[in-house]
Amino acid sequence: MLNIKAVRANPDFYRRGMEKRGLPSRVIDEVLELDARKRSMMKEIQDLRHVRNTVAEKVAAAKKRGEKADELLAQMAEVNRKIEENERKLREIDEKLLGLLVKLPNPPHDSVPDGDSEEDNAVVREWGEPRKEDWMKDHVDILESLGLADLETAASVAGARFYYLFEDLVLLNWALALYGLEFLRKKGFKLVQPPYMLTRKIMEGVVSFQDFEDMLYKVEGEDLYLIGTAEHPLAGLHAGKILDGRILPLRYAGVSPCFRKEAGAHGKDTKGIFRVHQFEKVEQFSFTKPSQSWDEHEFLISNAEEIYRNLGLPYRVVNICVGELGPVAAKKYDLEVWMPAQRKYRELVSCSNCTDYQAVGLEIRYREAPHVEETEFVHTLNSTALATERTIVAILENYQRRDGSVEIPAVLQPYLHGISVLKPAGR
RNA sequence: GCCGGGGUGGCGGAGCGGACAACGCGCAGGCCUUGAGAGCCUGUGGCCCUUCUGGGCCGCGUGGGUUCAAAUCCCACCCCCGGCGCCA
């Protein structure tokens, strides 16, 4: 959610941000007005509580002397009534204010392109030679001829967008995860196996309101949601803590299954394993000082690029336009890999700087050094390192040969115990 | 899931209806020292108001309740430890 102190300190920055998002800048003035009312009400309540405390002390003193304190008690009743009334008013104001702060989006970075569709995304970099031979098949056909997956049975036991993988594809999937973890470990990231379910309180700090409906699975009868990505539990790792600024940036590499409803994606990528309800992913997550986060954003996307170069998959990096940018991120790069059969670049990596938006909701702060008085919210960033099932799709399509076999990228072979080629069933 | 014990600052640990949440460790600053250490002094949860100096409120797992007054009493929930049960 929005950082109220920052809004107060720099309202024009937030007015501009809302306008870039297509919202009227007056929403910020509503926020400021509610904030002012809230604080003056708090002051009033605090003053009344001060009266209560001093009168209570007098009552104690009187009782100790064995005197009656009827007048004091009557005064106390009146003060308490007034406090209760004001507390009710404060709750009302606070709910309105919080409702706005949670609903309003993170102001986008100046470099975020305007526009509201995919065509408005700005291509930042391209790498590799896209293959465009006419004979190339899509991953669904390749999976079928390899005989290493069963999508039909998965649909009958679990529904659409599920899959069974078999044999070499199982190994390939874990090889990708292991390769991603090893890559990040060498870069100094701390490896994390996180919880796969989180409470509502944590989820509220991490995702937008809309995600609860469109993305997250709720566990029936429990205050728990299945994670949509390791980003969610990693963000919660330091919830409620004040970090020592000297240890920032803090970098984590999480690996986990990811569960997504994909509501609102009807008709898109209905076949195959590109868009599914459940997949594995290695995720980068950083906690930084505000002054570090834009460099960190470039660092995270550069790691993802290095991974896809090492895998030999042609890609481009795009700067996502404001209309496609979720409310939580201030800027987002996607890394899109070339898919020969579709003749399109498709998203495999998403790399976001959420600035202080998640940190405010989760109350993750830092101070420059121990015993420095001021605290400030950290910035959080997340980026895919390697989404394994989507990467399998990319490998199948880009590494396919005329005879129907599929070569395995060299960097994965140390994890595959001698498997270097996938061959069509019965050959 | 059941029975018992417990959740207090970064950590250990007192207070168990009314006076500053004692004391210790750790950490930071200062004095001392050629330097380090020891020793001594000071500080070390959050928020609000006002300013640069103070004042106030909140805070003892979370949320309610009782009371003039709750860390302290009552209720519900969460978590931790031990035992029993179940279990990959």
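These figures come from a predicted structure and were not determined experimentally. Here is the naming used below: chain letters follow the sequence lines, and residue numbers restart at 1 for every chain.
- Summarising the geometry, the separation between CG on A:Asp223 and P on B:C79 is reported as 10 Å, rounded to the nearest angstrom.
- The pair A:Glu78-A:Arg81 meets the salt-bridge criterion, with a side-chain N (NZ, NE, NH1 or NH2) lying under 4.0 Å from an Asp/Glu carboxylate O.
- Here A:Arg91 does not pair with A:Glu87 in a salt bridge; the nearest charged N to carboxylate O distance is not below 4.0 Å.
- Rounded to whole Å, the separation between the C1' atoms of B:U51 and B:U62 comes to 36 Å.
- Protein atom CD of A:Glu44 is 19 Å distant from nucleotide atom P of B:G56, rounded to whole Å.
- For the P atoms, the distance linking B:C11 with B:C84 amounts to 31 Å, nearest Å.
- Of the side-chain N and O atoms in A:Asn53, one or more sit less than 4.0 angstrom from OP1 or OP2 of B:C57.
- Shown here, B:G43 is classed anti by the O4'-C1'-N9-C4 or O4'-C1'-N1-C2 angle, which is more than 90° from 0.
- With rounding to whole Å, A:Asp244 atom CG is found 18 Å from B:G26 atom P.
- B:C16 is unpaired under the Watson-Crick or G-U wobble criterion, no partner having all donor-acceptor distances under 3.5 Å.
- Mapping A:Thr54 and A:Arg365 onto RNA chain B via the closest heavy atom, the residue that lands nearer the 5' end is A:Arg365.
- Among the nucleotides B:C57, B:C48, B:A69, the one closest to any side-chain atom of A:Lys5 is B:C48.
- The P atoms of B:C25 and B:C40 are separated by 9 Å, rounded to the nearest whole Å.
- A:Asp47 comes within 4.0 angstrom of nothing in the nucleic acid, heavy atoms only.
- Considering only the side chain of A:Asn80, B:A69 comes nearest among B:A69, B:C49, B:C58.
- Taking the ring centre of A:Phe212 as origin, the terminal cationic atom of A:Arg200 falls inside the region bounded by 6.0 Å and 45° from the ring axis.
- Comparing the C1' positions of B:U33 and B:G13 gives a spacing of 35 Å, expressed to the nearest Å.
- For the pair A:Arg390 and A:Phe274, the distance from NZ or CZ to the six-membered ring centre is under 6.0 Å and the angle to the ring normal is within 45 degrees.
- The pairing partner recorded for B:U66 is none, the criterion being a Watson-Crick or G-U wobble arrangement whose two distances lie under 3.5 angstrom.
- Across all strands shown, B:C57 pairs with B:G46; the Watson-Crick or G-U wobble distances both stay below 3.5 Å.
- The partner of B:C31 is B:G39, by the rule that a Watson-Crick or G-U pair needs both atom distances under 3.5 Å.
- As a whole-Å value, the separation of A:Ile83 CD1 from B:C68 P is 14 Å.
- Remark: B:G4 base-pairs with B:C81; criterion is Watson-Crick or G-U wobble with both hydrogen-bond distances under 3.5 Å.
- Between A:Lys38 and A:Asp94 there is a salt bridge, since at least one side-chain N of the basic residue sits less than 4.0 Å from a carboxylate O of the acidic one.
- The distance between atom CE of A:Met42 and atom P of B:G56, rounded to the nearest whole Å, is 16 Å.
- A distance of 6.0 Å or more separates the ring centres of A:Tyr163 and A:His277.
- Residue order along RNA chain B, read from the 5' end via each residue's closest nucleotide, puts A:Ile242 first among A:Arg39 and A:Ile242.
- Remark: A:Asp269 engages A:Arg346 in a salt bridge, criterion side-chain N to carboxylate O under 4.0 Å.
- B:A69 sits 15 Å from B:G18 when the P atoms are compared, rounded to a whole Å.
- A:Asn86 places its CG atom 16 Å from the P atom of B:C57, with the value rounded to the nearest Å.
- Nucleotides B:A14 and B:G61, compared at atom P, are 14 Å apart to the nearest Å.
- Distances shorter than 4.0 Å separate some side-chain N or O of A:His50 from OP1 or OP2 on B:C57.
- The side chain of A:Arg367 sits closest to B:G46 out of B:C49, B:G46, B:C58.
- Atom pair A:Arg37:CZ and B:C48:C1' shows a separation of 18 Å (rounding to whole Å applied).
- Searching all strands for a Watson-Crick or G-U wobble partner of B:G10 with both distances below 3.5 Å returns B:C25.
- Across the P atoms, B:G59 and B:A21 are found 12 Å apart, a figure rounded to whole Å.
- Rounded to whole angstrom, the span from the CE atom of A:Met76 across to the P atom of B:C68 amounts to 9 Å.
- Between B:G65 and B:U72, the distance separating the two C1' atoms is 15 Å to the nearest Å.
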